[in-house]
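Sequence lines set the chain letters: A, B, ... in the order given, protein chains first and strands last, and positions in each chain run from 1. Every value quoted in this text rests on a predicted model; they were computed, and no experiment measured them.
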Amino acid sequence: MKIATWNVNSVLARLPQVTKWLDAANPDVLCMQETKCIDEKFPADEFSRLGYRSESFGQAAYNGVAILSRTDFQHVHRGMPDDEDGAQSRLIAATIDGIRIVNVYIPNGQAIGAERYYFKLEWLRRLRAFFESHYLPGEKVLLCGDFNVAPEDRDVHDPMLWRGRIHFSEPEKEALTYVKDWGFVDAFRMHNSEEKQYSWWDYRAGAFRRNLGLRIDHVWITEPLAKESLSVVIDKEPRRWEKPSDHAPVIAEFK
DNA sequence: ATGGTAGATACTCTA
């Protein structure tokens, strides 16, 4: 069972790369973020031809999440229950093969102290409350997506440069730890302890070529799933292709 | 030196 997460930065602009990657990597499940596409325009037919069912929770221009699966979806939920009307599309959940999969696009935060920064911190507090009220850490729960936070120094190409900046500030790391402490382990770090393992590189200034990135895309799992975790890899290959997303897919394999 | 690129939308915002 292979479950992948990938911020595709527009599913319509990235359709050739996403379908090429699905052919090559053949995951059972792909969680996408920043689809930037309303549900009516989601390219479900193209994914269906490749053998994937899909569930989309999109909006125009910004945000948007979706899940592709080779097998049936159960209990699909869009957004958090306490979302206001017209809230941004940032969470979609579904049960696939007995695993509760929660796919999130955590807010970027823009800059320390900005209105969007406090929105991000509050969104993380609500995410923890969402797990408290809906699931148990003893169940098979997988939280994945673009978290927009690099948790540790080894997840940042230059910790001194990034200290106190967006994606790496202490309040963001604390808010993310609060979610994790509900009952998750970082599946990638179960299998990989090296530094310089990034999942995102800025489009600008040759960041990818120089490997100046951040590890902000994550797969977190509860204890029952940790027992079945075989590997987690970041696939940098599609970041080298023409017109790439600025993020690379992360693939978790389970027994 | 606060640069640089990319996507969606509509002549700018977000990341």
Side-chain angles (χ1 to χ4, degrees), chain A residues 5-21 30-44 46 56-66 83 86-92 103-124 127 144-151 155-169 171-173 175-176 198-218 234 236-250:
Chain A
T5 179
W6 193 7
N7 179 324
V8 296
N9 187 15
S10 172
V11 69
L12 294 173
R14 213 67 59 211
L15 197 53
Q17 291 82 358
V18 175
T19 54
K20 179 181 174 181
W21 185 79
L30 173 60
C31 295
M32 291 185 280
Q33 304 86 35
E34 278 206 270
T35 54
K36 298 184 175 180
C37 166
I38 58 174
D39 297 345
E40 291 74 18
K41 290 184 179 173
F42 188 81
E46 283 83 348
S56 163
F57 180 41
Q59 66 181 81
Y62 307 112
N63 311 313
V65 285
D83 275 343
Q88 299 172 0
S89 299
R90 294 184 175 277
L91 183 150
I92 186 169
N103 171 22
V104 293
Y105 175 46
I106 290 173
N108 176 290
Q110 196 170 45
I112 308 300
E115 197 173 319
R116 287 188 184 88
Y117 180 71
Y118 298 107
F119 174 72
K120 178 181 196 173
L121 297 177
E122 178 59 20
W123 203 91
L124 285 164
L127 185 61
C144 71
D146 177 357
F147 289 14
N148 267 316
V149 180
D155 300 317
V156 177
H157 67 84
D158 187 342
M160 288 303 284
L161 175 74
W162 280 88
R163 183 145 297 140
R165 297 172 80 151
I166 196 70
H167 308 303
F168 198 58
S169 71
E172 289 169 273
K173 286 188 268 188
L176 192 65
Y198 309 129
S199 65
W200 170 84
W201 302 261
D202 199 297
Y203 282 122
R204 300 165 288 192
F208 181 67
R209 179 174 48 78
R210 299 190 287 158
N211 198 27
L212 305 181
L214 304 177
R215 192 175 72 91
I216 56 175
D217 299 88
H218 303 286
I234 300 170
K236 288 169 73 170
E237 184 60 28
R239 188 64 177 77
R240 299 186 186 97
W241 296 346
E242 288 286 302
K243 283 179 69 71
S245 167
D246 45 351
H247 296 251
V250 182

Can you measure from OG1 (Thr5(A)) to CG (Asn103(A)) and round to the nearest 0.5 angstrom? 5.5 Å
Give the rounded distance in Å between these two atoms: CD of Glu34(A) and P of dA6(B). 15 Å
So, Thr35(A) side chain and Val11(A) main chain: donor-acceptor pair closer than 3.5 Å or not? no
Whole-angstrom distance between dG3(B) and dC13(B), as gauged at atom P: 15 Å
Rounded to the nearest Å, what distance is computed from the CG atom of residue Asn148(A) to the P atom of nucleotide dT14(B)? 15 Å
What is the separation between atom CG on Asn63(A) and atom C1' on dG7(B), rounded to the nearest whole Å? 13 Å
Separation of atom CG in Asp202(A) from atom P in dT14(B), rounded to whole Å: 17 Å
Going by salt bridge (Lys or Arg N to Asp or Glu O under 4.0 Å), Glu172(A) matches just one of Arg163(A), Lys120(A), Arg116(A), Arg165(A). Which one? Lys120(A)
Look at the side-chain N and O atoms of Lys243(A) and state whether any lies under 4.0 Å from the OP1 or OP2 oxygen of dG7(B). yes
Under the 3.5 angstrom rule, does the side chain of Arg90(A) hit a backbone N or O of Gly64(A) as a donor-acceptor pair? no
Could you give the distance separating dT5(B) and dT9(B) at their P atoms, to the nearest angstrom? 23 Å
dA15(B) C1' sits how many Å from Ile112(A) CD1, rounded? 15 Å
C1' atoms of dG4(B) and dA15(B), separation to the nearest Å: 13 Å
Lys36(A) atom NZ is separated from dC13(B) atom P, nearest whole Å, by 15 Å
Integer-rounded Å distance: dT5(B) P and Asp246(A) CG: 14 Å
Mind checking whether Trp201(A) and Phe208(A) have parallel, tilted or perpendicular rings, split at 30° and 60°? perpendicular
Ordered by number, residues from residues 10-20 of chain A within less than 4.0 Å of DNA chain B (heavy atoms) are Ser10(A), Ala13(A), Arg14(A)
Side chain of Arg116(A), heavy atoms from C-beta onward: which of dT9(B), dG7(B), dC13(B) has the nearest atom to it? dC13(B)
Check whether His247(A) reaches the backbone of Trp200(A) with its side chain - one donor and one acceptor, N or O, closer than 3.5 Å. no
Does the ring center of Trp21(A) lie less than 6.0 Å from the ring center of Trp6(A)? yes
For Asn7(A), does its backbone N or O pair with a side-chain atom of Glu34(A) as donor and acceptor, under 3.5 Å? no
Do the side chain of Tyr198(A) and the main chain of Asn211(A) share a donor and acceptor less than 3.5 angstrom apart? no
Rounded to whole angstroms, how far apart are CH2 on Trp200(A) and C1' on dT14(B)? 13 Å
Which of residues 203-210 of chain A have a heavy atom under 4.0 Å from DNA chain B? Tyr203(A), Arg204(A)
Would you kindly say whether Ser56(A) and Asp39(A) are connected by a side-chain donor-acceptor distance under 3.5 Å? yes
Hey, which of these two, His167(A) or Lys41(A), hits DNA chain B nearer its 5' end, going by closest nucleotide? Lys41(A)
Ala61(A) or Asn108(A), whichever maps to the more 5' nucleotide of DNA chain B: Ala61(A)
P atoms of dA10(B) and dA6(B), separation to the nearest Å: 22 Å
